[in-house]
Amino acid sequence: MKTSGANKSEAGPSPSERIDARIRELDDWRGKTLASLRKTILDADPEIIEEWKWMGSPVWSRDGMIAVGNAHKDKVKLTFSHGASLPDPDKLFNNGLNGKVWRAIDVSEGDEIDADALKALVRAAIAYNRAKKKPDRAKSAKAKD
């Protein structure tokens, strides 16, 4: 797992450290759930980058944003930025189903998420990001020479 240097000031904590702190702040089931989701996401691919955006949201990226995690009063929400374009054979998405771009997984107390299904969803998001990524112009120019 990598962390984004763009979100770290010289004296401030790294994005991963901020996520660690957020999980500790949530001293109930939501902290445990967010920690579990985080571990599963990071286990899906060693090149995933953790970021801290929008004044307090953990974000996981690889070749573009994969998902944002947020703890709410009654749920932990994992929002996939391009979820509408991803296959979801295990039916993990349970929110945002009518939207054109994002999809979310709302996890309530006592819910269990299939780790293998979540890893597959994360890998599908990475594949989607890679497919839409524009080729490097310098590499394209060299290939033509």
Side-chain angles (χ1 to χ4, degrees), residues 1-140:
M1 177 250 331
K2 297 179 177 183
T3 58
S4 170
N7 291 332
K8 182 180 178 182
S9 68
E10 290 296 320
S14 72
S16 293
E17 291 167 337
R18 289 175 183 237
I19 296 168
D20 290 340
R22 179 66 178 136
I23 288 169
R24 282 191 305 274
E25 287 171 9
L26 297 165
D27 61 354
D28 57 11
W29 67 270
R30 297 171 303 154
K32 291 175 186 165
T33 300
L34 184 58
S36 176
L37 292 171
R38 177 193 196 191
K39 180 183 181 328
T40 302
I41 291 167
L42 295 176
D43 285 349
D45 187 301
E47 296 296 315
I48 290 175
I49 296 170
E50 291 194 304
E51 299 175 285
W52 187 255
K53 295 186 177 188
W54 304 296
M55 298 177 6
S57 296
V59 176
W60 294 277
S61 301
R62 170 122 197 246
D63 296 317
M65 190 181 326
I66 298 168
V68 178
N70 285 299
H72 299 271
K73 185 176 176 181
D74 61 343
K75 65 187 168 213
V76 174
K77 180 181 281 292
L78 188 60
T79 305
F80 283 72
S81 56
H82 298 286
S85 298
L86 304 178
D88 183 22
D90 295 293
K91 307 285 187 238
L92 293 180
F93 291 133
N94 58 11
N95 195 328
L97 301 175
N98 294 324
K100 293 185 180 193
V101 180
W102 66 271
R103 295 281 185 275
I105 302 168
D106 287 354
V107 184
S108 298
E109 187 172 8
D111 288 352
E112 290 195 29
I113 298 295
D114 179 334
D116 290 333
L118 181 55
K119 285 179 192 175
L121 202 52
V122 168
R123 290 177 184 132
I126 293 168
Y128 175 85
N129 287 346
R130 286 182 155 177
K132 71 179 183 74
K133 191 174 178 181
K134 294 179 182 171
D136 185 355
R137 290 182 189 206
K139 287 180 184 176
S140 296

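Here, residue 1 is the first one in the sequence, and each next residue gets the next number.
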Who pairs with Asp20 by salt bridge (charged side-chain N to carboxylate O under 4.0 Å, His left out), at least two apart in sequence or on another chain? Arg38
In chain order, what residues pass the salt bridge (charged side-chain N to carboxylate O under 4.0 Å, His left out) check against Glu25, with sequence neighbours excluded? Arg22
Which heavy-atom pair separates [X] from [Y] by the least distance, and what is that distance?
| X | Y | answer |
| --- | --- | --- |
| Thr79 | Ala104 | OG1-CB, 3.8 Å |
| Asn70 | Ser57 | OD1-OG, 2.9 Å |
| Gly99 | Ala84 | O-CB, 4.1 Å |
| Trp60 | Val68 | CZ3-C, 4.2 Å |
| Ala115 | Thr40 | O-CG2, 3.5 Å |
| Ile66 | Ala125 | CG2-CB, 3.8 Å |

Measuring from atom [atom1] of [X] to atom [atom2] of [Y], what distance do you get when rounded to the nearest 0.5 angstrom?
| X | Y | atom1 | atom2 | result |
| --- | --- | --- | --- | --- |
| Ile48 | Arg62 | CD1 | CZ | 8.0 Å |
| Glu51 | Ile19 | CD | CD1 | 9.0 Å |
| Asn129 | Ser61 | CG | OG | 8.0 Å |
| Leu121 | Phe80 | CG | CZ | 4.0 Å |
| Arg30 | Leu37 | CZ | CG | 13.5 Å |
| Asp116 | Asp90 | CG | CG | 9.0 Å |

Using side-chain heavy atoms (C-beta onward) and a distance below 4.5 Å, is [X] in contact with [Y]?
| X | Y | result |
| --- | --- | --- |
| Ile113 | Ile105 | yes |
| Leu78 | Ile41 | yes |
| Pro58 | Trp52 | yes |

So, are Arg123 and Asp45 salt-bridged, with charged N and O less than 4.0 Å apart? no
Checking Glu50 against Val59 for the side-chain contact (heavy atoms from CB on, under 4.5 Å) test, could you report, in this order, the C-alpha distance in whole Å, the side-chain angles of both residues, the deciding distance, and whether it holds? CA-CA 6 Å; Glu50 291 194 304; Val59 176; over 6 Å; no
Mind checking whether Tyr128 and His82 have parallel, tilted or perpendicular rings, split at 30° and 60°? tilted
Give me each pair satisfying ring-ring contact (aromatic ring centres under 6.0 Å, His included) with a member in residues 26-48, each pair once, sequence neighbours excluded. none
Closer than 3.5 angstrom, by distance alone: can the side chain of Ser14 be matched with the main-chain N or O of Glu17 as a donor-acceptor pair? yes
Using atom types as modelled and distance alone, determine if a side-chain donor or acceptor of Ser36 lies under 3.5 Å from a backbone N or O of Lys32. no
Pair Asp106, Asn95: side-chain N/O donor-acceptor within cut-off below 3.5 Å: yes
Using a cut-off of 6.0 Å, state whether more than 12 heavy atoms not belonging to Asn98 lie near its atom CG. no
